[in-house]
Protein chains: 2
Amino acid sequence: MSQHSDPVTMPYRQRATLRDVAAMAGVSIKTVSRVVNGENGVAPAKVAAVTRAIRQLDYRPNVSASALRRANRRTAVIGMVLEDLANPFSSALLRAVEDAANERQLLIVAGSVDEDQERERTLVRAFSERRVDGLIIAPVGEDQGYLRAEVEAGTSLVFVDRLPQGIRADCVLSDNEGGARTAVHHLADSGHRHIAYLGDLRIIPTAQQRFAGYQHACLERSLPWTPANHVHDLHTVDDATAATERLLRSGDPPTALFASQNLVTIGAIAALQRLGLEDTVALVGFDDFPMADLLKPRVSVIAQDPSRIGRVAAEQLFQRLDGDDSAPRRTVLATTTIPRGSGEIPPARR
Amino acid sequence: MSQHSDPVTMPYRQRATLRDVAAMAGVSIKTVSRVVNGENGVAPAKVAAVTRAIRQLDYRPNVSASALRRANRRTAVIGMVLEDLANPFSSALLRAVEDAANERQLLIVAGSVDEDQERERTLVRAFSERRVDGLIIAPVGEDQGYLRAEVEAGTSLVFVDRLPQGIRADCVLSDNEGGARTAVHHLADSGHRHIAYLGDLRIIPTAQQRFAGYQHACLERSLPWTPANHVHDLHTVDDATAATERLLRSGDPPTALFASQNLVTIGAIAALQRLGLEDTVALVGFDDFPMADLLKPRVSVIAQDPSRIGRVAAEQLFQRLDGDDSAPRRTVLATTTIPRGSGEIPPARR
DNA sequence: GCCACGTTTGACAACCTTGTCGGATGAGTC
DNA sequence: GACTCATCCGACAAGGTTGTCAAACGTGGC
């Protein structure tokens with residue numbers, strides 16, 4: 001083990017280095033390096049001696065030192081910036097990327113931003129200081145221009161879920177507008193003409209797109225345009241519950257609800273249950289969620305496929321890492337309509 | 001920018017280094033280092049020149065190189081080995097650790113093991129090759145002895161969710177046995193005497209503990225011991241659904257179910273619904289899950305608090321990082337009983 | 001015995017950073 | 001004017017690794 005360290009100041013046994021291995025095997029450091037990296041040009045006998053020493057010392061290459069010295073500078077780590085590691089959408093995304101990364105022996109460092117632009121930037125900075133090879137980002141702020149410096153420095157970059165602003169780069173996202181449009185069409189097909197929109201924070205681009213889809217569909221089907229039935233900026237279950245209750249208690253309540261997001265859908269369900277209207281008022285939610293088909297009525301949704309987004313984004317990133325420098329691509333993934341019951345309730349007699 | 005690189009082999013503009021900053025500011029590398037690290041002993045004028053150069057070059061310290069050279073060798077990264085980044089329990093844990101890590105400017109690299117021992121070891125190896133400062137591990141294999149080498153090399157280590165084997169180290173977990181016991185008591189309190197056990201893979205220590213709790217409670221309440229009512233090794237929703245259906249269709253069906261885990265609970269609910277027995281057969285599940293209080297009947301559970309486990313584990317790890325070398329601590333967190341309806345259904349007349 | 005050639009091998013520098021140490025500078029004291 | 005002392009600064013080495021290069025070695029042909 002290292003003779004070059006002071007056992008007093010070092011509370012722990014030092015980790016073995018190339019030097020230690022070389023000393024034990026009776027060869028030069030470089031030869032050990034060659035064996036570790038599987039380069040050829042080392043005599044079988046020496047390979048054996050080196051591998052024995054490696055095993056004996058439980059040698060672990062220092063990947064950081066290696067990346068520092070290596071020509072391509074790759075660290076084999078990619079960074080993911082997500083909305084909230086604990087929410088099902090983000091975590092499915094993360095998991096899908098992890099599975100793809102696995103095949104390439106890449107590690108993932110990840111962080112949550114919670115709709116905080118500042119946090120997005122500090123996370124990216126932290127990743128950049130660790131010299132990650134690539135970044136997969138669900139952007140939150142209004143401007144991702146600051147990432148151009150990263151790209152110039154050679155970091156590959158793929159956005160997911162939301163379009164970036166101020167930079168041209170690959171992006172993989174769902175057809176938010178199309179999905180929302182389908183939801184409204186679906187409700188209109190059952191005869192609904194008073195369909196409320198329950199939406200997330202308007203600063204979120206996907207929320208904007210979903211509202212646009214709603215709007216678009218209303219026009220196409222000549223549904224009455226009733227601003228009182230448009231509720232925006234619902235970001236938590238409780239927000240959504242309260243807003244839905246208020247809406248349904250109003251003078252001219254809608255006969256159907258379109259909930260533009262997971263938590264909003266759940267909040268709406270809670271409100272419907274509280275008012276005993278779950279079998280009377282139709283509901284279609286954007287985003288599938290666990291248990292949707294065990295509730296009563298079972299909940300119809302427009303499903304995104306976060307795993308697929310993650311997988312596609314990872315593949316995109318890998319192509320970039322492999323040197324693809326063609327023009328940035330935007331991949332839009334179709335949503336799936338899953339009718340389960342709640343979206344097929346006909347309008348109540350008024 | 002770096003004059004010391006070949007623009008042909010380097011496809012991208014190199015990242016600025018201390019050297020570049022020093023050249024631009026007209027000082028030595030070491031002085032720049034001092035400014036970057038906030039050491040004192042630099043004249044205000046030079047500080048200004050250096051900071052200007054840093055901004056102008058968009059200099060990013062190379063944390064890896066820094067850690068390599070630095071006395072304490074800290075990389076400010078911790079590794080997490082979890083069951084499945086996409087499942088709510090793991091992701092809540094991850095998120096809680098992330099929040100705690102944030103305050104210390106630590107980054108997290110994480111990976112899923114999916115009950116695969118082999119994968120646990122390769123992940124740990126990968127983390128170790130990156131020289132993470134600490135590890136938080138939900139162990140899966142039968143032996144974590146291989147981690148002693150990591151600990152000796154100075155890596156701090158905290159286990160979560162499950163006790164490790166073959167190594168003594170800090171561990172933070174829920175009171176699995178106690179929680180299961182409480183569940184059975186709770187059902188017995190409503191008059192049930194035929195309570196089925198629906199359990200996860202028997203190789204999983206937590207599943208063993210929960211079964212022990214079940215067994216313990218049956219003894220305490222002198223409930224009839226009916227092995228036909230003990231189903232083990234259910235690991236997916238579908239497994240659980242099929243097993244539950246089989247059980248309830250048998251000659252002597254139980255009047256209550258104890259589901260030892262999330263997915264099993266969900267599978268049981270699906271089976272109950274399919275048979276129209278959800279309001280007849282009582283159910284208590286181990287682990288809370290989203291939507292549990294929107295189902296009909298609402299589902300009673302024994303809840304763990306994964307966020308709390310994560311937070312406590314992170315704090316434990318930080319103490320170790322700060323030099324605490326007292327004896328390993330085991331922290332057992334109490335579970336919470338949440339009665340919501342399904343667990344309070346009285347036994348059906350037989 | 002000489003040379004040419006291919007294979008093995010190690011010395012050395014370099015990657016980017018920080019710790020150590022000593023030199024330069026300037027102010028203050030006698 | 002000579003001294004101490006504190007402050008500021010840079011040269012240098014080192015951390016673990018890999019790329020470059022040249023030396024050493026063994027082989028085969030003349």
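Just so we're on the same page: letters track the sequence lines, and every chain starts at 1.
Going from atom CZ of B:Arg95 over to atom CG of B:Asp99 covers 4.0 Å, rounded to the nearest 0.5 Å. Expressed to the nearest 0.5 Å, how far CZ of B:Arg15 lies from CZ of A:Arg131 amounts to 5.0 Å.
Relative to the side chain of A:Pro61, the nucleotides C:dT8, D:dG16, D:dT17 differ in distance, and D:dT17 lies closest. Checking D:dC8, C:dC15, C:dT17 against every side-chain atom of B:Ala43, the shortest atom distance belongs to D:dC8. When the nucleotides C:dT9, D:dG19, C:dT17 are ranked by their closest atom to the side chain of A:Lys46, C:dT9 comes out on top.
If you take CZ of B:Arg60 and P of C:dT17, they are 13 Å apart, rounded to a whole angstrom. If you measure from atom CZ of B:Arg130 to atom P of D:dG16, you get 18 Å, rounded to the nearest angstrom. When the P atom of D:dG19 is taken as reference, atom CG of A:Asn72 falls 8 Å away, rounded to whole Å. Atom-to-atom, CZ of B:Arg19 to P of C:dT17 comes out at 10 Å; the value is rounded to the nearest Å. Taking atom CG on B:Leu68 and atom P on D:dA14, their separation rounds to 14 Å, with Å as the unit. When rounded to the nearest whole Å, the span between CD of A:Glu39 and P of C:dT7 equals 15 Å. The distance from atom CG of B:Asn62 to atom C1' of C:dT18 is 13 Å, rounded to the nearest whole Å. Straight-line distance from the CZ atom of B:Arg70 to the C1' atom of D:dA13: 18 Å, rounded to whole Å.
In terms of phosphate contacts, B:Tyr59 brings no side-chain nitrogen or oxygen within less than 4.0 Å of OP1 or OP2 of C:dC16. Listed pair B:Arg73 / D:dG16 meets the phosphate criterion, a side-chain N or O lying under 4.0 Å from OP1 or OP2. Listed pair B:Arg15 / C:dC16 fails the phosphate criterion, with no side-chain N or O lying under 4.0 Å from OP1 or OP2.
Taking every heavy atom of both residues into account, A:Val160 and A:Pro139 meet most closely at O-CD, 3.5 Å. Heavy-atom minimum distance, B:Pro328 versus B:Ala169: CB-C, 3.6 Å. Scanning all heavy atoms of the two residues, the minimum distance from A:Glu142 to A:Gln117 falls at N-OE1, 3.5 Å.
Salt bridge status for A:Glu115 with A:Arg162: present, with a side-chain N to carboxylate O gap under 4.0 Å.
For the segment residues 27-37 of chain A, residues with any heavy atom less than 4.0 angstrom from an atom of DNA chain D are, sorted by number, A:Ile29, A:Lys30, A:Ser33, A:Asn37.
Residue-environment remark: CZ (A:Arg330) stays at or below the threshold of 12 foreign heavy atoms within 6.0 Å. Other residues, nucleotides and ligands contribute at most 12 non-hydrogen atoms within 6.0 Å of the CZ atom of A:Arg308. More than 12 heavy-atom neighbours from other residues, nucleotides or ligands sit within 6.0 angstrom of CZ on A:Arg329.
Listed by chain and number, the residues in a side chain to side chain donor-acceptor pair (under 3.5 Å) with B:Gln165 amount to none (sequence neighbours excluded).
Mapped onto DNA chain D by nearest heavy atom, A:Val63 and B:Arg69 fall at different nucleotides, with B:Arg69 at the one closer to the 5' end.
An end-to-end axis angle of 60° holds for the helix from C:dG1-D:dC30 to C:dC30-D:dG1, taken from five base pairs per end and rounded to 10°.
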